[in-house]
S.K.: 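Once you've had a glance at the structure underneath, I'll fire off some questions.
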Amino acid sequence: MFSKYEKLINEADDLSLLEQIRVEIFGKKGILAKEFAKMKDIPENERKAFAKSLNIQKATLAKLFEEKKATLEAQETKKRMREESIDVTLFNGRSTSGALHPINDTLSRIIDYFVSMNFAIEEGPFVEDDFHNFEALNLPDYHPARDMQDTFFFADNYLLRTHTSPVQIRTMQRSRPPIRIISPGSVFRRDFDLTHTPMFHQVEGLVVEEEGRVSFSNLKFILEDFLKYMFGDVEVRFRPSFFPFTEPSTEVDISCIFCQGEGCRVCSHTGWLEVLGAGMVDSNVFKAVGYENVSGYAFGLGVERFAMLIHKIPDLRSMFEGDLRLLEQFR
Ligand code: DAH
């Protein structure tokens, strides 16, 4: 009697069609409801048999329906999975290129300059000993200049290097003049505010030759040339200063790139920005590595400071947050 509906179910090939068929068969106004409604007109003695037969057919249809539904659902899921699966190896034509982090970008420019000037690159360990980080750099135990650097100490004279200057010592210990190196890398200090982070990057420079072959003029030339390479057409000024590892020592300023020397908030209204420290290597440093009859110059700079000035970044901490909204601006 219901073979037409069995056929309909069997032939249904998607879930929404099957749902329509369900309403037609099992719905309130569906075919089954209509058949059951006929019961009242059936003679009492046949009614039981009629109901039984109808219930059996209803059960058959219901089973058929459930099986079909399960099959179609499984097919649908499979299809969806096929359609929605992502081939991560597939080029979608929309990907954007990344960019160097401003610190790495600045560091590569610094390295490019010095490599073009024939400097080699040396690296040293982050965990240093007291001798290389302080003692050999003419910073003996009692020296007040040790307070300038808030050191992270370990036990037994070990510490996180507070500057890249210890690489000077390591390089001089393992080689002989002429030496012409820069040493880029991370350094660590207990400091955290708008312009300080506990880890930052420095580039150290060291040139050592036979006595009399390098002078302060060589140092002055290379730093002036370097700063113009980095900052464009700026004025460069050398101020007398003090570092334990150099004598004489100098701090080097450029004319403020924000106000062209007029005076503004960034340069504290001085018209100048301090960008690096330098000097002629102190004879005590040469003594510590057993060098005689040599002369040399050294310099040191903070990469983050350069990056902040070049890219006009006001808060140093933002450099280490990995926020794409900042980083995407450097593409
Ligand atoms: N080591 C110094 C610092 O961390 C930077 C520095 C200054 C390095 C003068 C030098 C130098 O080689 O000559 O503050």
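Predicted model, so just to flag it, every value in this text is computed and none were measured.
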S.K.: Assigning hydrophobic clusters by single linkage (Ile, Leu, Val, Met, Phe, Trp, Tyr; side-chain heavy-atom cutoff under 4.5 Å), is F134 placed with F188?
M.R.: no

S.K.: Does any part of the side chain of F126, heavy atoms only, come nearer than 4.5 Å to the side chain of S186, both counted from C-beta?
M.R.: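 Yes. Closest side-chain heavy atoms under 4.5 Å.
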
S.K.: Hey, is CZ on R317 packed in by over 12 heavy atoms from elsewhere, all under 6.0 Å?
M.R.: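 Atom CZ in R317 is crowded, with more than 12 foreign heavy atoms closer than 6.0 Å.
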
S.K.: If we check side chain to side chain contact (heavy atoms under 4.5 Å, CB included) with P184, which of these qualifies: I111, V303, T164?
M.R.: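 Result: among I111, V303, T164, I111 is the only option passing the side chain to side chain contact (heavy atoms under 4.5 Å, CB included) with P184.
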
S.K.: Decide whether I121 and I179 are clustered together by the hydrophobic rule: side chain heavy atoms of Ile, Leu, Val, Met, Phe, Trp, Tyr closer than 4.5 Å, transitively.
M.R.: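 Shared cluster, no.
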
S.K.: Do E128 and R170 have side chains that get closer than 4.5 Å, going by heavy atoms?
M.R.: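 Counting from C-beta outward, E128 and R170 do come under 4.5 Å.
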
S.K.: Using only atom types and a distance under 3.5 Å, with no angle test, would you say the side chain of Q329 pairs donor to acceptor with the backbone of R325?
M.R.: yes

S.K.: So, do F226 and M117 sit near enough that their side-chain heavy atoms are less than 4.5 Å apart?
M.R.: no

S.K.: Does a donor on one side chain sit under 3.5 Å from an acceptor on the other, for S215 and S217?
M.R.: yes

S.K.: What's the spacing between F50 CZ and N55 CG if we round to 0.5 Å?
M.R.: 10.0 Å

S.K.: Hey, is the main chain of E274 close enough, under 3.5 Å, to the side chain of R305 for a donor-acceptor pair?
M.R.: yes

S.K.: Given 3.5 Å as the limit, does a donor-acceptor pair link the side chain of S53 with the main chain of A49, or not?
M.R.: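 Absent.
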
S.K.: In a check of side chain to side chain contact (heavy atoms under 4.5 Å, CB included) between V275 and each of L301, L223, D253, L227, which one passes?
M.R.: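 Among L301, L223, D253, L227, the one meeting side chain to side chain contact (heavy atoms under 4.5 Å, CB included) with V275 is L227.
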
S.K.: For E123, I'd like to know if atom CD has over 12 heavy atoms of other residues, nucleotides or ligands within 6.0 Å.
M.R.: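 At most 12 heavy atoms, drawn from other residues, nucleotides or ligands, come within 6.0 Å of this atom.
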
S.K.: In terms of relative ring orientation, are F245 and H163 parallel, tilted or perpendicular, with 30° and 60° separating the classes?
M.R.: perpendicular

S.K.: Applying a strict under-4.5 Å side-chain criterion to I, L, V, M, F, W and Y, I'd like to know whether M308 and M199 cluster together.
M.R.: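 Yes, M308 connects to M199 through the hydrophobic network.
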
S.K.: So, taking the atom named CG in N138 and the one named NE2 in H143, what distance separates them when rounded to the nearest 0.5 Å?
M.R.: 6.0 Å

S.K.: On a heavy-atom basis, which atom in T106 and which in A307 lie closest, and how many Å separate them?
M.R.: OG1-CB, 3.3 Å

S.K.: For Y158, I'd like to know if atom OH has over 12 heavy atoms of other residues, nucleotides or ligands within 6.0 Å.
M.R.: no

S.K.: Treating E304 as the side-chain partner and H201 as the backbone partner, does any N or O pair qualify as donor plus acceptor under 3.5 Å?
M.R.: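 Such a contact is found between E304 side chain and H201 backbone.
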
S.K.: Checking the side chain of Y5 only, and the main-chain atoms of I25 only, is there a donor and an acceptor separated by less than 3.5 Å?
M.R.: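 Absent.
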
S.K.: Kindly indicate whether a cation-pi arrangement holds for R189 with F200, taking the cut-offs as under 6.0 Å to the six-membered ring centre and within 45° of the axis.
M.R.: no

S.K.: Mark yes when over 12 heavy atoms from residues, nucleotides or ligands other than D323 sit less than 6.0 Å from its CG; otherwise mark no.
M.R.: yes

S.K.: Roughly how far apart are E135 CD and D129 CG, rounded to 0.5 Å?
M.R.: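 Spacing of CD (E135) from CG (D129) equals 10.0 Å.
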
S.K.: Looking at side-chain heavy atoms only, is the closest gap between L137 and P166 below 4.5 Å?
M.R.: yes

S.K.: Checking the side chain of R47 only, and the main-chain atoms of I42 only, is there a donor and an acceptor separated by less than 3.5 Å?
M.R.: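 Flag set: sc R47 to bb I42 pair under 3.5 Å.
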
S.K.: Kindly confirm or rule out a cation-pi arrangement of R180 over F119, judged by NZ or CZ under 6.0 Å from the six-membered ring centre and within 45° of its axis?
M.R.: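 Yes, a cation-pi geometry holds between R180 and F119.
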
S.K.: Does one hydrophobic cluster hold both I222 and M280, with members joined at side-chain heavy-atom distances below 4.5 Å?
M.R.: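 Cluster IDs for I222 and M280 match.
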
S.K.: For K68 and A12, indicate whether the former's side chain and the latter's backbone hold a donor-acceptor pair under 3.5 Å.
M.R.: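 Yes, the answer is positive, given that a donor and an acceptor are paired below the 3.5 Å cut-off.
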
S.K.: Got more than 12 heavy atoms from elsewhere within 6.0 Å of NZ, K228?
M.R.: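 More than 12 heavy atoms, drawn from other residues, nucleotides or ligands, come within 6.0 Å of this atom.
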
S.K.: Give a yes or no on this: more than 12 heavy atoms of other residues, nucleotides or ligands lie within 6.0 Å of atom CG of D41.
M.R.: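 Yes, enclosed.
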
S.K.: Count the heavy atoms of every other residue, nucleotide or ligand shown that sit under 6.0 Å from CD of E66, and state whether that count exceeds 12.
M.R.: yes

S.K.: Measuring only between side-chain heavy atoms, which start at C-beta, is L273 closer than 4.5 Å to F231?
M.R.: no

S.K.: So, applying side chain to side chain contact (heavy atoms under 4.5 Å, CB included) with R190, which one of D150, T162, L160 is it?
M.R.: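 Result: among D150, T162, L160, D150 is the only option passing the side chain to side chain contact (heavy atoms under 4.5 Å, CB included) with R190.
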
S.K.: Does any non-hydrogen side-chain atom of Q57 lie less than 4.5 Å from one of L32?
M.R.: no

S.K.: Just by distance, with hydrogens left out, do Y229 and D112 show a side-chain donor and acceptor under 3.5 Å apart?
M.R.: no

S.K.: Search all heavy atoms of G205 against all heavy atoms of Q168 and return the closest pair with its distance.
M.R.: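 Of all heavy-atom pairs spanning G205 and Q168, the closest is O-NE2, 4.4 Å.
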
S.K.: If you measure from NZ on K58 to CZ on F36, what distance do you get to the nearest 0.5 Å?
M.R.: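 Answer rounded to 0.5 Å: 5.5 Å.
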
S.K.: Relative to the ring of F65, is the ring of F26 parallel (under 30°), tilted (30 to 60°) or perpendicular (over 60°)?
M.R.: perpendicular

S.K.: Would you call L100 and F330 a side-chain contact if the rule is heavy atoms closer than 4.5 Å?
M.R.: no

S.K.: If only side-chain N and O atoms count, and only distance matters, is there a donor-acceptor pair under 3.5 Å linking E122 with S183?
M.R.: no

S.K.: Considering residues, nucleotides and ligands other than R265, do more than 12 of their heavy atoms fall under 6.0 Å from its CZ?
M.R.: no

S.K.: Find out whether N218 and Y297 are in side-chain contact, i.e. whether some heavy atom of one side chain is under 4.5 Å from a heavy atom of the other.
M.R.: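 Counting from C-beta outward, N218 and Y297 do come under 4.5 Å.
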
S.K.: When you measure from the side chain of H311 to the backbone of I313, do you find a donor-acceptor pair of N or O atoms at a distance under 3.5 Å?
M.R.: no

S.K.: Do I310 and L276 land in one hydrophobic cluster if side-chain heavy atoms of ILVMFWY residues count as linked below 4.5 Å?
M.R.: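 Same cluster: I310 reaches L276 through Ile, Leu, Val, Met, Phe, Trp or Tyr contacts under 4.5 Å.
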
S.K.: Between atom CG of L327 and atom CD of E321, what is the distance when rounded to the nearest 0.5 Å?
M.R.: 10.0 Å

S.K.: Between S295 (side chain only) and G212 (backbone N and O only), is there a donor and an acceptor less than 3.5 Å apart?
M.R.: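 Yes; at least one donor-acceptor contact below 3.5 Å.
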
S.K.: Check whether any side-chain N or O of T246 sits under 3.5 Å from a backbone N or O of V281 as a donor-acceptor pair, and report yes or no.
M.R.: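 No.
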
